[in-house]
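Notes for the one structure printed next.
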Amino acid sequence: MKKTQVLVIGLEPNLVDFSTMPDMNADKVRAGLAADQAKLAALGYEAELCLTDLGETAADMTARKLAEKPFDCVVIGAGIRTIPAYFLLFERLINVVHRAAPGARICFNTKPSDTAEAVQRWAHANL
């Protein structure tokens, strides 16, 4: 049976300014992403990461990744979605996903460690 293909889009943790999030840092984000990638694999999903810059090449990088194969579900991370400075990047990426993967479900995590829950909500939803 073919595994559900999941793409997780997020910011490269080393580029993020964590000064407004004292409880977070690049290592914690990477650990959360790795743990959730392992959790998704254990649940039968095949998850890939697409960690972008802060906007210069993020849309092109995401479009290239989406062109590699069909993804069933695309997660856009909380770092892109919830930090006001990246609002325009978030909009741009939503439109890239909409154009490049129109059949994919789109979901959002709230932190690096709850990606699997977001995928489980939407990967197989009948809309």
Side-chain angles (χ1 to χ4, degrees):
M1 182 194 293
K2 179 184 171 277
K3 289 187 176 186
T4 299
Q5 302 295 306
V6 177
L7 182 63
V8 180
I9 304 169
L11 296 172
E12 167 56 50
N14 290 330
L15 300 177
V16 176
D17 175 7
F18 290 102
S19 63
T20 61
M21 300 169 271
D23 58 326
M24 292 300 289
N25 61 47
D27 291 335
K28 286 183 180 179
V29 170
R30 283 192 188 284
L33 290 168
D36 252 12
Q37 198 169 14
K39 185 175 181 179
L40 285 165
L43 292 168
Y45 299 100
E46 186 173 317
E48 295 183 33
L49 296 177
C50 179
L51 300 178
T52 73
D53 62 17
L54 301 178
E56 233 173 84
T57 65
D60 290 337
M61 175 187 237
T62 300
R64 280 193 306 276
K65 190 67 176 172
L66 288 166
E68 288 178 8
K69 64 181 176 184
F71 286 93
D72 303 297
C73 188
V74 177
V75 180
I76 298 181
I80 293 171
R81 209 171 30 75
T82 62
I83 299 172
Y86 306 129
F87 176 72
L88 294 177
L89 173 60
F90 173 60
E91 282 187 332
R92 192 173 313 124
L93 292 178
I94 286 287
N95 283 294
V96 167
V97 172
H98 177 65
R99 183 178 63 247
R105 301 291 188 247
I106 299 172
C107 60
F108 308 107
N109 62 10
T110 62
K111 56 188 173 240
S113 61
D114 70 357
T115 302
E117 289 81 357
V119 169
Q120 288 181 300
R121 281 193 306 267
W122 290 105
H124 304 287
N126 292 319
L127 302 177

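Owing to the predicted nature of the structure, the values given are computational and were not obtained by experimental measurement.
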Below 3.5 Å, can you tabulate the donor-acceptor pairs from side chains in residues 81-94 to any protein atom, sequence neighbours excluded?
from	atom 1	to	atom 2	distance (Å)
Arg81	NH2	Asn109	O	2.2
Thr82	OG1	Ala78	O	2.6

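- By the 4.5 Å heavy-atom criterion applied to side chains, Leu54 and Leu11 are counted as neighbours.
- Counting heavy atoms from C-beta outward, Phe18 and Asp23 have side chains that stay 4.5 Å or more apart.
- Within the 3.5 Å criterion, the main-chain N or O of Gly44 finds no donor-acceptor partner in the side chain of Glu46.
- For Arg30, the side-chain hydrogen bond (donor to acceptor under 3.5 Å, both in side chains) partners are Glu12, not counting sequence neighbours.
- For Leu51 against Pro13, the heavy-atom pair with the smallest separation is CD1-CD, 4.0 Å.
- Across all non-hydrogen atoms, the minimal contact from Asp53 to Leu15 is CA-CD1, 3.5 Å.
- Here the shortest heavy-atom pairing between Phe108 and Ala118 reads O-CB, 3.3 Å.
- In this structure, Leu40 and Ala116 approach most closely via the heavy-atom pair CD2-CA, 3.6 Å.
- For the pair Lys39/Tyr45, no side-chain contact is recorded, criterion being any heavy-atom separation below 4.5 Å from C-beta on.
- At a threshold of 4.5 Å between non-hydrogen side-chain atoms, the residues Val6 and Glu48 do not count as touching.
- Looking at Asn25, its side chain does come within 3.5 Å of a backbone N or O of Lys28 through a donor-acceptor pair.
- The shortest heavy-atom contact between Val97 and Val74 is CG2-CG1, 3.9 Å.
- Here the closest non-hydrogen pair linking Phe71 and Lys65 is CE1-O, 3.4 Å.
- Under 4.0 Å is where a charged nitrogen must lie from a carboxylate oxygen, and between Asp36 and Lys111 no such pair does.
- Using modelled atom types, one side-chain atom of Gln37 and one backbone atom of Ala47 make a donor-acceptor pair closer than 3.5 Å.
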